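The analysis underlying the following values was restricted to heavy atoms, covering all of them including side chains, and did not include hydrogens, waters or symmetry mates. Everything numeric in this text was worked out from a predicted model, so none of it was measured.
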Amino acid sequence: EVQLQASGGGTLLAGGSLKLSCATSGFIFDDYAFAWFRQAPGKERERISCTSNFDGSTFYSDSVKGRFTISSDSRKNTVYLQMNTLKPEDTAVYFCAARDDTGPGIVGCETHRVYDHWGQGTLVTVSS
């Protein structure tokens, strides 16, 4: 069974850095696309980044572009989100998600609307 496990959240001051991890199992890692979502208190869930191991695409939302970096390690079957220059508005529960990217459709993870598999959230709290 496909499993995703997010970790690495914590509490830190504005301007700091944090690296989240999403450990995965139960599927062919190199055939999948992955995304990071976040949901802040009182706000809707937001997709902030995605990457596809299958086609090599990446995407960042305007809110995190230039500060966050998504990456994947096929040796560890793990996806990462490096978060730099954190701001109080980055405070949220962060989720990782995955989908098989070998099916028909337009190339590029930005075009994906559905992610079939989700991990539990990890809380990031940024204070000023």
Side-chain angles (χ1 to χ4, degrees):
E1 180 177 343
V2 174
Q3 295 187 6
L4 307 175
Q5 189 74 30
S7 63
T11 302
L12 70 167
L13 297 176
S17 298
L18 202 62
K19 190 172 186 177
L20 305 182
S21 298
C22 178
T24 73
S25 63
F27 59 95
I28 301 174
F29 189 75
D30 289 343
D31 288 345
Y32 270 62
F34 303 90
W36 285 98
F37 292 78
R38 69 184 183 187
Q39 188 163 21
K43 297 183 179 179
E44 295 184 345
R45 188 175 61 197
E46 173 192 18
R47 187 180 67 175
I48 57 172
S49 186
C50 66
T51 187
S52 174
N53 289 340
F54 190 70
D55 63 30
S57 61
T58 58
F59 162 81
Y60 298 95
S61 69
D62 290 341
S63 61
V64 308
K65 189 178 300 181
R67 299 188 297 121
F68 291 10
T69 303
I70 191 170
S71 62
S72 64
D73 185 344
S74 61
R75 296 180 180 179
K76 298 182 178 180
N77 287 356
T78 300
V79 180
Y80 302 95
L81 184 68
Q82 177 66 51
M83 305 185 295
N84 297 327
T85 319
L86 284 161
K87 305 174 181 179
E89 51 262 45
D90 294 319
T91 295
V93 177
Y94 285 72
F95 301 88
C96 59
R99 60 173 283 163
D100 189 331
D101 202 27
T102 64
I106 304 300
V107 173
C109 70
E110 184 178 0
T111 68
H112 298 164
R113 292 187 176 184
V114 177
Y115 288 84
D116 302 299
H117 311 288
W118 292 77
Q120 92 298 341
T122 185
L123 177 63
V124 174
T125 302
V126 184
S127 63
S128 60

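The hydrophobic clustering, which links ILVMFWY residues whose side-chain heavy atoms are closer than 4.5 Å, places Val79 and Phe54 apart. Residues Phe95 and Leu4 do not share a hydrophobic cluster, clusters being chains of Ile/Leu/Val/Met/Phe/Trp/Tyr side chains in contact below 4.5 Å.
Between Ser25 atom OG and Glu1 atom CD the span is 9.0 Å, to the nearest 0.5 Å. In this structure, the separation between CZ on Phe34 and OG on Ser52 is 8.5 Å, given to the nearest 0.5 Å. Within the model, atoms OG of Ser57 and CD of Glu110 stand 9.0 Å from one another, a figure rounded to the nearest 0.5 Å. One finds the OG atom of Ser61 at 4.5 Å from the CD atom of Glu46 (value rounded to the nearest 0.5 Å). Note that CD of Gln82 is 6.0 Å distant from OG of Ser17, once rounded to the nearest 0.5 Å. Here Thr69 contributes atom OG1 and Asn84 contributes atom CG; the two are 6.5 Å apart, rounded to the nearest 0.5 Å.
Met83 has its side chain within reach of Val124: a pair of non-hydrogen atoms, C-beta onward, lies under 4.5 Å apart. Here the side chains of Leu20 and Tyr80 are not in contact, with every heavy-atom distance at 4.5 Å or above. Counting only heavy atoms from C-beta outward, the side chains of Arg47 and His112 approach each other to under 4.5 Å. In this structure, the side chains of Gln3 and Thr24 stay at 4.5 Å or more apart for every pair of heavy atoms. Side-chain contact check for Leu13 versus Val126: every heavy-atom pair is 4.5 Å or farther apart. Put simply, the side chain of Leu12 reaches to within 4.5 Å of the side chain of Leu18, judged on heavy atoms.
Side-chain atoms of Ser49 come within 3.5 Å of backbone N or O of Phe59 as a donor-acceptor pair. Under the 3.5 Å distance criterion, the side-chain polar atoms of Thr122 are left unmatched by any main-chain donor or acceptor of Tyr94. Of the possible donor and acceptor atoms, one in the side chain of Asp90 sits under 3.5 Å from a partner among the backbone N and O of Lys87. At least one donor-acceptor pair closer than 3.5 Å links the side chain of Tyr60 to the backbone N or O of Ile70.
Cation-pi geometry between Arg99 and Phe27 is not met at under 6.0 angstrom from the ring centre and within 45 degrees of the axis.
In this structure, Ile48 and Ser63 approach most closely via the heavy-atom pair CG2-OG, 4.4 Å. Considering every non-hydrogen atom in both Leu86 and Arg67, the closest pair reads CA-NH1, 3.9 Å.
A donor-acceptor pair shorter than 3.5 Å cannot be found between the side chains of Thr78 and Asp73. Side-chain N/O atoms of Asn53 and Ser72 include a donor and acceptor closer than 3.5 Å. Inspection of the Gln120 and Gln5 side chains reveals an N or O donor paired with an N or O acceptor under 3.5 Å.
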#### Entry: Evaluation steps, side-chain contact (heavy atoms from CB on, under 4.5 Å), between Thr85 and Phe68
CA-CA 9 Å; Thr85 319; Phe68 291 10; over 6 Å; no
#### Entry: Criterion side-chain contact (heavy atoms from CB on, under 4.5 Å) on Asp100 and Tyr32, from CA distance to verdict
CA-CA 4 Å; Asp100 189 331; Tyr32 270 62; 3.9 Å; yes
### Asp31/Asp101 under side-chain contact (heavy atoms from CB on, under 4.5 Å): CA gap, chis, key distance, verdict
CA-CA 6 Å; Asp31 288 345; Asp101 202 27; over 6 Å; no
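Salt-bridge annotation for Asp62 and Lys65: present, with a side-chain N of the basic residue lying under 4.0 Å from a carboxylate O of the acidic one.
Taking the six-membered ring for Trp and the full ring otherwise, the centers of Phe37 and Tyr115 sit less than 6.0 Å from each other.
More than 12 heavy atoms of other shown residues, nucleotides or ligands fall within 6.0 angstrom of atom CG in Leu123.
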